[in-house]
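Following: one structure in C-alpha cells, then a few remarks.
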2 protein chains.
Amino acid sequence: MTPQAIKVACSNCNLRELCMPMGLSDGDLGKLDELVTLRRRIKRGSALFSNGDKFSALYAIRVGFFKTCVTTEGGRDQVTGFQMAGEIMGLDGIVGDRHTCDAVALEDAEVCVMPYDRIEDLSRDVPALQTHVHRIMSREIVRHHGVMLLLGSMRAEERLAAFLLNLVQRLQARGFSSSELVLRMTREEIGSYLGLKLETVSRTFSKFAEEGIVEVKQRHVRILSSDALRAIVNTPSWA
Amino acid sequence: MTPQAIKVACSNCNLRELCMPMGLSDGDLGKLDELVTLRRRIKRGSALFSNGDKFSALYAIRVGFFKTCVTTEGGRDQVTGFQMAGEIMGLDGIVGDRHTCDAVALEDAEVCVMPYDRIEDLSRDVPALQTHVHRIMSREIVRHHGVMLLLGSMRAEERLAAFLLNLVQRLQARGFSSSELVLRMTREEIGSYLGLKLETVSRTFSKFAEEGIVEVKQRHVRILSSDALRAIVNTPSWA
DNA sequence: CGACCGTTTGATAGTGCTCAATTCAAGTGG
DNA sequence: CCACTTGAATTGAGCACTATCAAACGGTCG
C-alpha cells in the first residue's frame, strides 16, 4: 500500500474525530473507507457545486474553507453558511436531486467525494452510519435555528459577536487558537451572512476595537475579551 | 377491523400524498402502518414537546396547526416555523437526543407518533422510506435557506408578502382556497418569525389593504392580487 | 355584559442603510 | 524598483425604515 493510498482512508484521516467517521467503531470505520472514492481539489474562487447542478454526492472538507450561498431570479443573494475542515456539504441537494445553492471555495481546498447512493447502501448495513447521517442533517437543522435567532432578534453588534464566537469555537475544535483568527471571507460576505451591509460590519469591528474587545487589522482578528463578546450576545439590548 | 383502526393506518390516511407515505409504493406503504403506533391529541396552547425534552419520536400532524420556537437563556425568543397537516416535526431532536425547541399547538391538534428507533429499523428494510426520510430532512434544510434569504435580505413588506404566499401555497396543496385564509397565529408570532415587531406586521397588513392587495379583518385574510405580492417579493427595493 | 387579550393607529426616536470619499494592501507592468 | 491599477476596508454625513412608547379600539369568551 502506498503512502498516498493510506492518506485517502477515513480510518487514518486526522479529521476523523470531527468528520464523517465521528463516533463509529473501528470495525465500522473500515467500511467507511469504501465510501470515499475520490478526492477533488477546488481552487480559490471556484465552485464545488452550483445551484441547479445534478446532485450525486455529499462532500467532506479535507482542507480549505467554503461559503454556501443562494441566489434568486430577482438577483437577491444570501450567504447561508461558512464551512471548514471536517464539515459536510451538499445536503441541500437530496430533496430535489439538484443542488439549490452554490458552494464556493474561499481558499484552495480539497474535499472527499461521498457518492450519495453508496451512503444510502452503506447506511443500511451499518446502523451507526445511518444514525450518524441523520445526526449530521439534524445538526444542520438545529444550526439553522440558531441563525434564525441571530437574524430575527439580534442587533448588529450582537450578530457580529455571535459570529466571531462561533468561528473561534469551531476553529478551536480543530486545534487552532481560540483568540486569534484570519477571516477567509470579505466584509461583504460576512454582512450577507449576518443580514448587514458591509459598512455596518466594518463599523462594528471598529467599535469593538475601540472598546478593546478585539484587535482588527484587515482580516486578522485577535480576540482580547471573549467574555465581553459573550456578554454582548447574552445580554439583549432591551434587558 | 373497526372503523377506528382503519383511520389510524397511513395507507388510508387522506394526507398520504403529503405526509410520510409520499412516494411510497403500495407494498411499502403497508409496512409504514407498523410505524405509527400512537396518536396524540394536543390542546390549543400546549406543547407537543419542549426544549430539553428527551427525543424519542418524530411527529406527523394529522389535524391542527403548530409553531416551533427556540428560546435562549438570555430570554431571547424566536419562532422558527409554522407547521400544518401532513408536515413532520421533531427533527431537531435527533442530533443531541433532546429537543432544542418547543412545538406548540396553535389550535387543537392531533399528531401521529412515529418512534424514532422504529424509523431507523424500518428504513433499513424499506429503501424508499430511507430515501424519504432523507428527503424530509433535506427539504427542511432548503426551507431554512429560504428563511435566511427572507430574514437577511428582505424589508418588512417583502417579508410579509413572501410569508403570505408561502402560507397560501401550502394551504392550496391541502385543498384549501388559494386566496382566502385564516391566520392561526398572532401578529406577534408572525413578527417573531419574520424578524419584525408586531406593530410593523400590523402596519404592513394595513398598507397592503390600502393598496388593494389584500383584505384584512383581524385574522381573516383575503388575497386580492397574488401577482402584486409576487411582484413585491421578486422585485427587490433596490432594483 | 364586562374583562381581557389582541389589534390598530399615531408620534417619536434609533439603528442600520445609502451614497460618497479616502485609505490600505497586494499585484502588474513599464 | 517604482508608478499604476485594482479590489477591499474604513470612515463620514444624511436619510429611510423599523422599533419604541402610548393610546384607543374590537372581538371573544367567561
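Naming convention: chains lettered A, B, ... in sequence-line order (proteins, then strands); numbering from 1 in each chain. Just so it is clear, the structure is predicted and the values come from calculations on it, not from any experiment.
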Could you say whether A:Ala156 or A:Glu199 is positioned toward the 5' end of DNA chain C, judged by the nucleotide with the nearest heavy atom to each?
-> A:Ala156

Quick one: B:Glu158 CD to C:dC17 C1', roughly how many Å, whole number?
-> 14 Å

Could you state the NZ-C1' distance from A:Lys207 to D:dG12, rounded to the nearest angstrom?
-> 17 Å

Which of D:dA13, C:dT8, D:dT10 is nearest the side chain of B:Arg187? It is C:dT8

Closest-nucleotide 5' rank along DNA chain C - winner of B:Arg203 and A:Gly195 | B:Arg203

Roughly how many Å is it from CZ in A:Arg44 to P in C:dA26, rounded to a whole number?
-> 12 Å

Does A:Ser206 have a side-chain nitrogen or oxygen under 4.0 Å from the phosphate oxygens OP1 or OP2 of D:dT10?
-> no

B:Leu198 has a side chain; which of C:dT8, C:dT18, C:dT9 sits nearest to it?
-> C:dT8

Rounded interatomic separation in angstrom, taking NE2 from B:His220 and P from D:dG27 | 10 Å

D:dT20, C:dC17, D:dA9: which one has an atom nearest the side-chain heavy atoms of A:Gln218?
-> D:dA9

Could you check how far CZ of B:Phe208 sits from P of C:dT8, rounded to whole Å?
-> 13 Å

Atom-pair distance (CG on A:Leu183; P on C:dA25), nearest Å = 16 Å

What nucleotide among C:dG6, C:dC17, C:dG10 has an atom nearest to a side-chain atom of A:Leu196?
-> C:dC17

Side chain of B:Arg155 (C-beta onward), nearest among C:dT9, D:dT18, C:dT18 = D:dT18

Heavy-atom distance under 4.5 Å between the side chains of A:Leu229 and A:Ile223, does that happen here?
-> yes

To the nearest Å, give me how far apart CD (B:Glu188) and C1' (C:dT8) are.
-> 15 Å

Among side-chain atoms of A:Thr100 and A:Asn51, is any donor-acceptor pair under 3.5 angstrom?
-> no

Taking C:dT18, D:dT11, C:dT15 as options, the one with an atom nearest any side-chain atom of A:Lys197 is C:dT18

Would you say a side-chain N or O of A:Ser202 is under 4.0 Å from OP1 or OP2 of D:dT10?
-> yes

Taking 4.0 angstrom as the limit, do A:Glu87 and A:Arg170 come out as a salt bridge?
-> yes

Euclidean distance, atom CE of residue B:Met154 to atom P of D:dC17 [Å, nearest integer] = 17 Å

Counting heavy atoms from C-beta on, name the nucleotide in D:dA8, D:dT20, C:dT8 closest to the side chain of A:Arg219.
-> D:dA8

Answer yes when B:Lys207 and B:Glu210 have at least one side-chain N-carboxylate O distance shorter than 4.0 Å, and no when they do not.
-> no

B:Glu188 CD: over 12 foreign heavy atoms closer than 6.0 Å = no

Identify whether any heavy atom of A:Thr186 sits under 4.0 Å from a base atom; if not, whether one sits that close to sugar-phosphate; answer base, sugar-phosphate or nothing.
-> sugar-phosphate

